[in-house]
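Quick notes on the structure that follows.
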Amino acid sequence: MDILKAPLQKIQTEIGLKAGVELSVLREDLSHPFLSGNKWRKLKYNLLDFKNSGKKAILTFGGKFSNHLVACAAAGKILNIPMIGILRGDETVINPQQTFLKQCGMHLLSLSREEYRLRENAEFLSELSERCVREFPELISFPDELFMIPEGGSNAAGVRGCVEIMQDIPIDSTHIMVACGTGSTLAGISIASHEKQNTIGVSVLKGENFLPESVVRQGEPKERTKILFDYHFGGYAKSTETLNLFCKNFSNHYCIPLEPVYTGKLFFACIDLLSNNYFPKGSKIVLIHTGGIFDFKKPLDF
Ligand SMILES: *Cc1c(COP(=O)(O)O)cnc(C)c1O
């Protein structure tokens, strides 16, 4: 399987020059057409753990547009691992993601939103495993043949993979910024950062206090780690005209594709902070492009 090392791309912005800072982007979006960004980082050790477990299939979770499910489906196809994807919401939406999952051979099961909410409840998961034995007898014969990966790949193995992102970031960078959903990616880079580096998460979700707790639980950040809560643009997967226009203009100008769910909010936040002189002169800022943009028309014969 070919996962490329993400290139570091310097970008020249007028606003960066004015502020006297250097701005670079770690292009994790370019590491693979479908197993890209932080979703590959979070899957790496989960896939190794699966191989070592002797189990027969992977069970994991996601919404209709889930980047994690796309990465899992691609990994399943490339590595020949049977995958079961549990989808949130029982209404059938046909979108390019769903078509891709099916083309990769992922087995799908939809849960109502109420059931889906129980996805971390042990009793529910044991029932769900029984149900998978009935639904997919060609894959597994017993519930304990399933290897579970939580939504987004956000467990300890996922954080371990994200720790490795820092190997691709220059040691003299002073500020490392990343979009935050569960905060696992931020937790990983925070663990691996050195004492002169600041790691900054931009929350794509509305609601304070939720994120710091999850990051603390997963990776115990130091004081140099913080999360900004003012750039959610209405909440998860919500956007505005301003954000859409920003993504479009930025993508066109720098040839770095952005989408409004994750990376658009991160880059918007960085430019906004620059214009407010947030970073001291001489700062070396690295933005982690966590992927999330797929060309589903690409052929599947990887
Ligand atoms: C999932 C995802 C994130 C969020 O990662 P967390 O580790 O959950 O904070 C950020 N960017 C993209 C493109 C993603 O797909």
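What's counted below: heavy atoms across the whole structure, side chains too, no hydrogens, waters or symmetry copies. First listed ligand is number 1; within each ligand, the first listed atom is number 1.
Every atom of ligand 1 with a heavy atom of Gly291 under 4.0 Å away is listed here by number and element: 13 (C). The ligand atoms of ligand 1 that sit less than 4.0 angstrom from a heavy atom of Cys180 are 9 (O). If you number the atoms of ligand 1 from 1 as listed, the ones under 4.0 Å from a heavy atom of Thr182 come out as 6 (P), 7 (O), 8 (O), 9 (O). Listed by number with element, the atoms of ligand 1 under 4.0 angstrom from any heavy atom of Lys42 are 5 (O), 6 (P), 7 (O), 8 (O).
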Hey, mind stepping through Leu258 and Leu266 against side chain to side chain contact (heavy atoms under 4.5 Å, CB included) and telling me if it holds?
CA-CA 9 Å; Leu258 299 180; Leu266 167 69; over 6 Å; no
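Among all protein heavy atoms, the one lying closest to atom 1 (C) of ligand 1 is Lys39 NZ, 1.5 Å. What sits closest to atom 10 (C) of ligand 1 on the protein, heavy atoms only, is Tyr262 CD2, 3.2 Å.
Contact annotation: the side chain of Phe61 never approaches that of Arg88 to less than 4.5 Å [non-hydrogen atoms, C-beta and beyond]. Using a 4.5 Å heavy-atom cutoff, the side chains of Lys56 and Leu139 are not in contact.
The distance criterion of under 3.5 Å between nitrogen or oxygen atoms is not met by Thr263 with respect to ligand 1.
Checking Gly188, Ser36, Cys162, Gly181 against atom 4 (C) of ligand 1, the nearest heavy atom belongs to Gly181.
When ring centroids are compared, Phe100 and Phe34 come within the 6.0 Å threshold.
Partner Glu164 forms a salt bridge (charged side-chain N to carboxylate O under 4.0 Å, His left out) with one of Lys5, Lys44, Lys42 and no other, that one being Lys44.
Cation-pi geometry between Lys39 and Tyr262 is met: under 6.0 angstrom from the ring centre, within 45 degrees of the axis.
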